[in-house]
Amino acid sequence: MANAGHLHILIQRLSDSVFHDEVKVLMPKDTYYITTPIYYVNDVPHVGNAYTTIIADTVSRYHKLKCEKTYLLTGTDEHAVKVAAAAADKGIPTKDFVDHLAEQFKRVWASLDVHYDDFIRTTEPRHIQVVQAIFARLFEQGDIYKGEYQGWYCIPDETFLAESELVDGKCPECGRQVEWVQEENYYFKLSAYSDRLLEYIESHPGFLQPEFRKNEVVSFIKQGLRDVSITRDNKGWGITVPGDDSKVIYVWFDALINYISAIGYLSDEERFNSLWPADLQLMGKDIFVRFHCTFWPAMLMALGLEQPKVLFGHGWWSINGEKISKSRGNAISPAKLAEDLAEESGASRDVCLDAVRYFLAREVTFGVDGDFSIASFKNRFNSDLANDLGNLLNRTLSMLNKYFDGIIPGPKGLSGGLAQVIAGSAKTAQETCDKLEFTKALEAVWQMIGAGNKYVNDQKPWELEKQGKTDELAGVLYSALEVARAAAIMISPFMPATAVEIARQLGIADSFAGLKWSDITAANPFVPGTKTQGPDPIFPRLGTKKKEAKVVEEPKPAEAPQPEKTEEYISYDYFSKLKIRIAEIKSAERVEKADKLLRLQVSLGDEERQIVAGIAKSYEPEALIGRKIVMLTNLEPAKIRGVVSNGMLLAADGADGGAVLLQPEADVPAGTKIK
Ligand code: MSP
């Protein structure tokens with residue numbers, strides 16, 4: 001251990017170099033700053049812990065839509081004992097292990113359409129420096145002192161525990177074994193902050209949310225706070241105590257600091273001031289009371305920094321009534337749920353991911369526990385998404401095609417009181433989103449969608465057409481289109497890909513990205529003459545796997561006209577999006593337990609791909625090697641019977657129900673385009 005003089009000099013140097021105590025001209029805070037917890041990198045997120053980040057992304061998108069500058073921070077918590085243990089288990093150097101997992105986390109967030117502004121890793125120098133400087137400063141000012149720690153430590157929860165806190169000798173939080181720790185350690189004087197914390201909480205309603213969790217915090221503090229041991233013996237992993245290499249800093253002291261190290265604390269004052277205090281810090285209930293509502297605010301008090309505006313502790317998800325756990329095999333990722341749903345429904349993977357995002361926000365009040373039951377998920381998919389939202393869009397676009405060649409008439413203005421309905425829904429959705437009441441916000445949007453569907457039912461456009469009331473007919477369809485457009489804007493923070501797809505079908509794809517929340521109620525928002533696309537049903541009802549262009553018009557009474565059977569045309573533009581090329585089969589093998597499927601490795605000249613093709617009944621794998629085939633290359637990758645297929649082989653339907661491969665008449669190289 002370093003001697004006291006040496007430690008003092010080091011601390012002095014670090015502290016002097018990074019703390020600016022004099023008051024400078026401060027730039028005002030101008031950005032809505034949201035944080036998620038940073039994730040332990042011992043595994044990739046499942047639907048439960050991805051929840052925090054998906055909601056954070058939704059909140060960020062919502063504020064952007066309101067034209068606010070927003071900043072969403074997420075990242076990885078890499079110095080935990082369990083992270084080092086997981087690496088050791090795999091026999092991988094810890095740094096390589098965390099580097100790999102941090103990249104995987106980034107990929108997972110991208111695959112969940114999460115747009116963060118910064119991703120902080122606690123192993124980055126920009127973070128380590130700030131943690132050490134803060135340690136030095138708090139040591140110097142007496143908030144950190146040295147003492148002997150004797151007590152228990154829960155490795156899975158990374159928590160120091162007193163004997164009195166154990167339940168049956170185990171961790172009160174997770175119920176697992178604890179280890180005895182006896183070390184000379186540094187302590188943070190948490191006990192000195194009890195009164196100030198209570199006072200702050202009481203005088204700032206809304207600081208800790210939801211209210212019932214705030215009460216838990218208050219009783220936790222009132223039970224009496226003990227000082228926290230904030231170092232461990234250095235076993236080769238963690239941020240070392242400045243001037244004392246024999247110790248590493250406790251992972252929670254280290255991790256909480258990410259919220260300020262990432263935004264320029266002690267390195268970029270201007271940036272820091274434009275963001276801090278955070279507007280919303282989100283986390284699950286397990287890390288709310290002790291860490292985020294006690295330890296963290298006390299650390300901020302010790303540093304003389306403002307408190308975040310809101311600390312929100314949400315509930316936990318179970319799956320089909322069971323706690324999510326790896327050993328139960330139900331630690332399923334939202335991406336996997338989306339892929340399974342896509343396979344079952346025929347809807348696109350992005351839309352299915354949106355359905356997961358929608359379910360998480362819609363199913364339970366934000367703050368309380370929820371159950372991700374597959375049955376209720378499918379139920380919502382069919383009722384809210386396919387029947388309500390999908391139906392409004394499909395039927396309206398279909399009738400517009402039929403009666404007006406798909407061209408938006410207008411300007412028409414809104415009839416049937418729908419202007420008020422849209423305005424009312426926008427107002428309620430905004431008020432409730434501002435309060436993080438997402439279930440209520442989505443309910444308001446669905447009330448509007450319901451009103452749009454009811455309006456179409458009541459107006460019976462097919463009768464107006466029969467009666468030759470063209471102008472009225474145009475007005476009705478126009479009004480329904482406006483409801484669909486308003487819905488697209490309002491759902492965009494929750495279901496970004498779906499909103500864009502609705503906009504595409506409405507013919508407003510180009511302007512959609514620039515729309516603001518206030519545009520929900522814009523008068524005559526459609527440019528007359530706009531050509532709509534589709535309908536291309538976004539949410540095929542589960543149980544009707546084929547994605548038919550099924551028009552859900554009315555439950556037809558005898559007098560309702562039957563929709564004419566017309567050929568469905570697509571534009572050249574649409575066709576040109578299909579990338580079809582010649583591929584050469586390099587290897588082929590049967591897919592286990594799937595008697596129709598072959599797994600093919602194919603060459604496209606400049607790249608190799610794996611595809612799964614349903615041709616096993618018609619072709620022996622060996623006979624295919626070297627053969628040229630026709631392949632759709634930009635079909636989104638899908639898992640078929642657990643095997644990733646990255647493209648689709650095109651074949652003709654054979655007379656015997658089998659497949660007949662297509663082959664170029666003359667030999668052309670693999671990769672050749674087909675148009
Ligand atoms: N590394 C700490 C956080 C440090 S923040 C300075 C941590 N990481 S974690 O990976 O274990 O958890 C991340 C988040 O996932 C937490 O907010 C936790 O509450 C949340 N969840 C974990 N399982 C969950 C469910 N089953 N349901 C909902 N949220 C869940 O804690």
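Because the structure is a prediction, the values reported are computed rather than measured. Indexing begins at 1, ligand by ligand and atom by atom, following the structure's order.
Heavy-atom contacts of Asp286 reach the following atoms of ligand 1: 18 (C), 19 (O) (cutoff under 4.0 Å). Under a 4.0 Å criterion applied to the non-hydrogen atoms of Ala255, ligand 1 contributes the atoms 6 (C). The distance from ligand 1 to the heavy atoms of His314 drops below 4.0 Å at these ligand atoms: 28 (C), 29 (N). Of all atoms in ligand 1, listed by their number and element, those nearer than 4.0 Å to a heavy atom of Met283 are 17 (O). Near Tyr259, with a cut-off below 4.0 Å to any heavy atom, the atoms of ligand 1 are 5 (S), 6 (C). Every atom of ligand 1 is numbered from 1 in the order shown, and the set under 4.0 Å from a heavy atom of Trp252 is 2 (C), 3 (C), 4 (C), 5 (S), 6 (C). In summary, the atoms of ligand 1 found under 4.0 Å from a heavy atom of Ile324, numbered by their order in the structure, are 26 (N).
Closest heavy-atom approach to atom 2 (C) of ligand 1 within the set Thr52, Ile38, Val83, Leu282: this belongs to Ile38. Of the options Asp77, Asp157, Asn49, Leu256, the smallest heavy-atom separation from atom 21 (N) of ligand 1 is shown by Asn49. The option from Phe291, Phe295, Trp316 that lies nearest to atom 24 (C) of ligand 1, judged by heavy atoms, is Trp316.
Not less than 6.0 angstrom separates the ring centroid of Tyr250 from the ring centroid of Tyr186. In this structure, Tyr51 has its ring center no closer than 6.0 Å to that of His46.
Using a 4.0 Å cut-off between charged nitrogen and carboxylate oxygen, Lys309 and Asp279 count as a salt-bridge pair. We find that Lys214 and Glu211 are joined by a salt bridge, their nearest charged nitrogen and carboxylate oxygen being less than 4.0 Å apart.
Side-chain atoms of Arg226 do not come within 3.5 Å of backbone N or O of Leu161 as any donor-acceptor pair.
Scanning all protein heavy atoms for the shortest distance to atom 29 (N) of ligand 1 gives Gly48 O, 3.1 Å. Protein heavy atom closest to atom 26 (N) of ligand 1, with residue, atom name and distance, is Trp317 O, 3.0 Å. Summary of contacts: the protein heavy atom closest to atom 14 (C) of ligand 1 is Tyr39 CE2, 3.8 Å. The shortest contact between atom 17 (O) of ligand 1 and any protein heavy atom is with Gly284 N, 2.8 Å. Protein heavy atom at the shortest distance from atom 16 (C) of ligand 1 is Ile287 CD1, 3.7 Å. In terms of protein heavy atoms, atom 9 (S) of ligand 1 is closest to Tyr40 CD1, 3.7 Å.
Rounded to the nearest 0.5 Å, atoms SG (Cys171) and CG (Asp157) are 4.5 Å apart. Rounded to the nearest 0.5 angstrom, Leu208 CG and Gln307 CD are separated by 9.0 Å.
Shown here for Leu197 and Thr294, the closest heavy-atom pair between the two residues is CD1-O, 3.8 Å.
By the 4.0 Å heavy-atom criterion, Lys323 is excluded from the residues contacting ligand 1. In this structure, Gly315 counts as a contact residue of ligand 1, since one of its heavy atoms falls inside 4.0 Å of the ligand.
Taking the six-membered ring where the residue is Trp, Trp317 and Phe359 present tilted rings, their angle falling between 30° and 60°.
Among the candidates Phe253, Phe291, Tyr259, the single residue satisfying the side chain to side chain contact (heavy atoms under 4.5 Å, CB included) test with Trp296 is Tyr259. Shown are Trp252, Phe188, Phe288; of these, the ring-ring contact (aromatic ring centres under 6.0 Å, His included) with Phe295 is made only by Phe188.
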